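Heads up: the structure comes next, in structure tokens.
Model, not experiment: these values are computed from the prediction.
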Amino acid sequence: MDRYDAKTIEQKWQKVWADEGAFHVDDPQPGDDDPRFYMLEMLPYPSGTLHMGHVLNYTLGDVVTHFRRRNGTKVLRPMGFDSFGLPAENAAIREGGHPREITERNIASIENQMKRMGWAIDWDREVSAHEPTFYHWTQWLFLRLFEEGLAYRKAAPVNWCPNDQTVLSNEHVVDGRCWRCGFIVEVRNMEQWFFKITAYADELLAGLDTIDWPERTKKIQRQHIGRSEGAELLFRVDELDIDIPVFTTRADTVFGATFFVVAPESTLVDTLAEGSEHKEDVISYARVAAARPTEERQSREKSGVFTGRYATNPATGEQIPIWVADYVLMEYGTGAIMAVPAHDDRDREFAEKFELPIVPVVDEDGKLINSAQFDGQPWRDASKSIVAWLGDHGRGKASINFRLRDWSWSRQRYWGSPIPIIYCDACGMVPVPDEQLPVLLPDVEDYRPKGEPPLASNTEWLKVECPRCGGPGKREADTMDTFVDSSWYFLRYCDPHDNQRPFARELVDYWMPIDQYIGGIDHAKGHLLYSRFFVKALNDMGLLGFREPFQRLFHQGWVRQDGKRMSKSQGGVSPDELIDQFGADPIRIYILTRGPADQDIDWSPDGIDATARFIRRLWRVVHEAAARPVSPAGVDTPLAVKAHETIARVTDDIDRRFVFNTPVAAVMELINELSKAPDDPAARFAAETAVSVLQPYTPHVCEELWGVLGHERLWDTPWPTYDSSLLESDTVELVLQVNGKVRDRVVVPAGLSEDELVARAKASEKVQAHIDGRDVKAFVVPDKLVNLVI
RNA sequence: GCCGAAGUGGCGGAAUUGGCAGACGCGCCGGACUCAAAAUCCGGUGCCCGAAAGGGCGUGUGGGUUCGAUUCCCACCUUCGGCACCA
């Protein structure tokens with residue numbers, strides 16, 4: 001028996017798998033009805049190298065991949081790189097060089113790490129977002145969304161990161177700060193590209209009921225979409241002859257609306273101020289308030305200014321004063337509210353500060369008061385009847401409001417896909433014709449953004465003929481955020497080399513939706529929402545035949561180091577040194593046995609030793625068993641039974657329970673039993689079982705040991721089955737309790753009647769000592785337990 | 001403030017449908033092998049009392065339901081996430 005040498009074994013089998021294309025999967029042939037499975041982990045961002053969080057993520061996916069393959073399923077398990085984005089560009093600014101060189105160097109080194117980990121990936125389908133063969137089709141898809149009116153450009157208040165010098169989406173502002181660099185985000189009014197994700201708000205909500213996702217993730221998405229039912233009421237400003245709509249969820253309180261407030265960013269501010277004696281105060285307040293950083297604005301101290309205008313309360317007919325105040329947000333509802341100080345804390349605070357009237361309209365019992373004909377109605381009923389009544393007078397209607405905003409995705413930076421749009425003085429905004437795609441990302445002198453996007457500095461590239469009229473035109477110089485790329489990359493894997501279209505519909509319809517998606521919960525309201533939007537929009541255009549991309553979703557826990565989670569930005573332990581020291585197999589098993597895969601792990605190298613020790617023990621015990629005769633068919637010794645139990649447990653854990661730590665414990669138990677009974681006739685069978693079911697975890701050493709046991713190609717060997725009749729024992733250990741406390745255990749034949757079991761219990765001396773002759777009542781769990789209660 | 005997840009030995013964790021709490025592993029203790037060490041192997045290891053037999057206690061805290069609760073219900077504490085002037 002040779003010593004277990006991880007390095008030699010791992011290199012040997014990795015070469016075999018690569019040479020044979022062991023994990024390559026072909027396109028389906030017509031009439032192909034093999035069961036299929038699309039296994040995908042979120043693709044890595046290629047900054048630097050992998051960390052232990054990636055190792056957990058991809059090893060999880062690898063176990064599932066091997067398990068499904070060996071259960072007779074065709075498994076698509078591709079890999080690619082989210083290779084556009086700021087970090088490479090910032091590194092280029094910092095260290096010199098081109099972002100492309102930095103990115104491709106990183107990809108090469110991560111690929112190398114992935115291959116050293118032995119992950120069963122179909123490398124023939126690899127794609128990277130920065131390659132023209134990929135972003136060609138990102139641009140093409142953008143043009144389709146543009147044609148549908150789902151991509152548009154407009155001036156709007158957007159989040160500006162002063163450090164990265166670019167716009168951020170709402171989803172990537174965390175606590176008022178840039179998710180990448182942590183700088184406080186400013187609100188700027190700029191013209192930007194958006195996707196009309198709000199058009200799908202209802203559907204994005206409803207679709208959640210059709211997919212198997214963690215409930216907490218669905219809740220995050222539901223909360224982010226923020227659907228609320230209410231009413232839109234019209235408040236008239238007679239002097240200006242305008243109606244101002246407001247959204248409210250409490251139309252029942254309209255009789256208590258004693259003043260009216262408009263957000264400082266609202267276009268109404270100018271209209272209201274014009275011609276008012278308060279004009280200068282209003283304009284200067286609005287300007288100051290709108291420019292205030294979000295953080296400061298959220299301070300509780302109320303501020304505001306009276307416009308000198310009045311609106312008509314549609315219920316009472318009273319003239320109520322119109323104020324401008326920054327506690328009203330432009331981005332929610334209509335940017336204007338009816339203020340009901342008696343029943344809203346914020347309105348009350350404002351009313352108290354500025355001495356505005358407070359009129360209660362709902363009593364302690366939830367019934368209406370001071371509300372004319374609605375007095376006495378419970379508030380929920382009143383809400384409906386008031387909306388109906390106002391509706392009859394053309395002053396209101398039921399309405400649904402969403403918190404979700406359209407997705408702003410244009411960036412004023414370099415390293416992203418160009419946006420295939422040309423601005424022509426005569427024709428306006430003109431899409432680049434499909435046959436001129438891709439618009440290649442040109443080189444620039446300097447990546448540093450200086451008030452305008454870097455691409456604008458390349459005038460040769462920028463100036464172009466208008467495709468429509470042939471006149472002078474200018475290219476769009478903003479680029480796409482990487483989240484556009486990652487909203488459809490999983491579709492490209494289904495047809496990665498197609499140069500006629502982004503993907504063939506029959507191929508995506510065959511593989512999609514993804515059966516199991518694995519990735520961090522940090523993408524709950526970004527990537528996971530954007531991708532759902534893309535799929536719904538592409539389905540409506542007839543480009544694909546399904547409406548949800550990710551049928552089942554799992555979030556691996558964070559691997560934390562020094563209390564901080566390992567991530568692309570935080571860095572962390574590199575697996576390379578660990579592979580050098582221990583080998584990939586011990587690391588794979590180690591990272592999956594720290595605990596349940598969806599819980600966070602505190603990184604510590606303690607225990608990798610133990611894992612390596614277990615593999616050496618497996619190595620030795622299997623070699624010893626390989627010297628034993630082949631186990632006869634139908635062998636039913638206790639060791640054989642243990643082996644069957646192990647198959648049952650591991651299968652159930654991976655397949656039904658989706659837990660990955662306990663199967664290894666089951667195999668350890670089997671190995672312990674085997675080492676205690678080396679001469680058992682089932683010894684060889686037990687060794688084969690252990691090697692076979694451990695293969696998804698440690699594919700290299702198991703492949704080697706499979707050869708030692710006289711077999712080959714374990715990666716293509718059907719998953720073992722167990723004999724359930726062997727799992728039913730003739731005898732069982734019966735637990736005897738008195739008053740719920742365990743007093744004795746006896747071995748009895750299986751299948752005894754309840755009466756017999758009670759008799760056996762009463763026969764126990766230890767039980768008798770506790771009953772002491774008193775009357776008892778018996779509770780029986782057949783074949784398991786008898787509880788005698790005095 | 002609102003919403004959600006979690007809390008089990010010295011440590012990581014297990015207990016799948018209300019039925020033996022602590023599987024498996026780490027660490028520690030004892031032993032074998034060794035001149036010695038490493039490696040390996042064997043045994044022990046929740047806490048308290050007890051020489052032992054045995055008994056008591058024990059899954060964040062306090063209550064409840066039940067013959068029986070780590071598991072279900074209520075309240076609270078702590079930690080971690082999401083949202084937050086959302087009308």
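- In terms of phosphate contacts, A:R657 brings a side-chain nitrogen or oxygen within less than 4.0 Å of OP1 or OP2 of B:A15.
- Taking atom NZ of residue A:K218 and atom C1' of nucleotide B:G4, one finds them 15 Å apart after rounding to whole Å.
- For B:C85, its base sits under 3.5 Å from the side chain of A:K302 at one donor and acceptor pair at least.
- Salt bridge status for A:E301 with A:K353: present, with a side-chain N to carboxylate O gap under 4.0 Å.
- B:G27 and B:U61 have their P atoms separated by 29 Å, with the value rounded to a whole Å.
- Between A:D209 and A:K218 there is no salt bridge, since no side-chain N of the basic residue sits under 4.0 Å from a carboxylate O of the acidic one.
- Each of A:M668 and A:G740 lies near RNA chain B, and the nucleotide nearest A:M668 is the one positioned closer to the 5' end.
- Across all strands shown, the partner of B:C24 is B:G12, judged by Watson-Crick or G-U wobble contacts whose two distances both fall under 3.5 Å.
- When both pairing distances are held under 3.5 Å, B:C57 makes a Watson-Crick or G-U pair with B:G46.
- Rounded to whole Å, atom P of B:U40 lies 14 Å from atom CG of A:L618.
- Between A:R346 and B:C86 there is a side-chain N or O to OP1 or OP2 distance below 4.0 Å.
- Atoms CG (A:L329) and C1' (B:C83) sit 14 Å apart, rounded to a whole Å.
- Residue A:R620 places at least one side-chain N or O closer than 4.0 Å to OP1 or OP2 of B:C41.
- In B:G9 the O4'-C1'-N dihedral to the base is within 90° of 0, which defines a syn nucleotide.
- The partner of B:C41 is B:G31, judged by Watson-Crick or G-U wobble contacts that both fall below 3.5 Å.
- As rounded to whole Å, 12 Å separates atom P of B:C20 from atom CD of A:E733.
- You can call A:F779 stacked on the base of B:C67; the centres are under 5.5 Å apart and the planes sit within 30°.
- Rounded to whole Å, the P atom of B:U71 lies 16 Å from the corresponding atom of B:A5.
- Going from the P atom of B:G18 to that of B:G13 covers 23 Å, rounded to whole Å.
- As rounded to the nearest Å, B:C48 and B:G58 have P atoms that lie 15 Å from one another.
- Distance, A:K219 NZ to B:C2 P: 16 Å, rounded to whole Å.
- A donor N or O paired with an acceptor N or O is not found under 3.5 Å between the base of B:U40 and the side-chain atoms of A:R616.
- Aromatic ring centroids of A:Y590 and A:F582 lie 6.0 Å or more apart.
- Looking only at distances, a side-chain donor or acceptor of A:R348 sits under 3.5 Å from a matching main-chain atom of A:A342.
- B:C77 and B:G63 have their C1' atoms separated by 15 Å, with the value rounded to a whole Å.
- Rounded to whole Å, the P atom of B:U17 lies 41 Å from the corresponding atom of B:A39.
- In this structure, B:A69 makes no Watson-Crick or G-U wobble pair, since no nucleotide meets both defining distances under 3.5 angstrom.
- Atom pair A:D345:CG and B:C2:C1' shows a separation of 13 Å (rounding to whole Å applied).
- Residues A:P596 and A:L785 each lie close to RNA chain B; by heavy-atom proximity, the contact nearer the 5' end of the strand is made by A:P596.
- In this structure, the CZ atom of A:R403 is 11 Å from the C1' atom of B:C3, given to the nearest Å.
- Between A:R649 and B:U16, a side-chain N or O to OP1/OP2 separation shorter than 4.0 Å is absent.
- Partner assigned to B:A52 is none, using Watson-Crick or G-U wobble distances below 3.5 angstrom.
- Taking atom P in both B:G22 and B:G9, one finds a spacing of 14 Å when rounded to whole Å.
- Comparing the P positions of B:U70 and B:A15 gives a spacing of 15 Å, expressed to the nearest Å.
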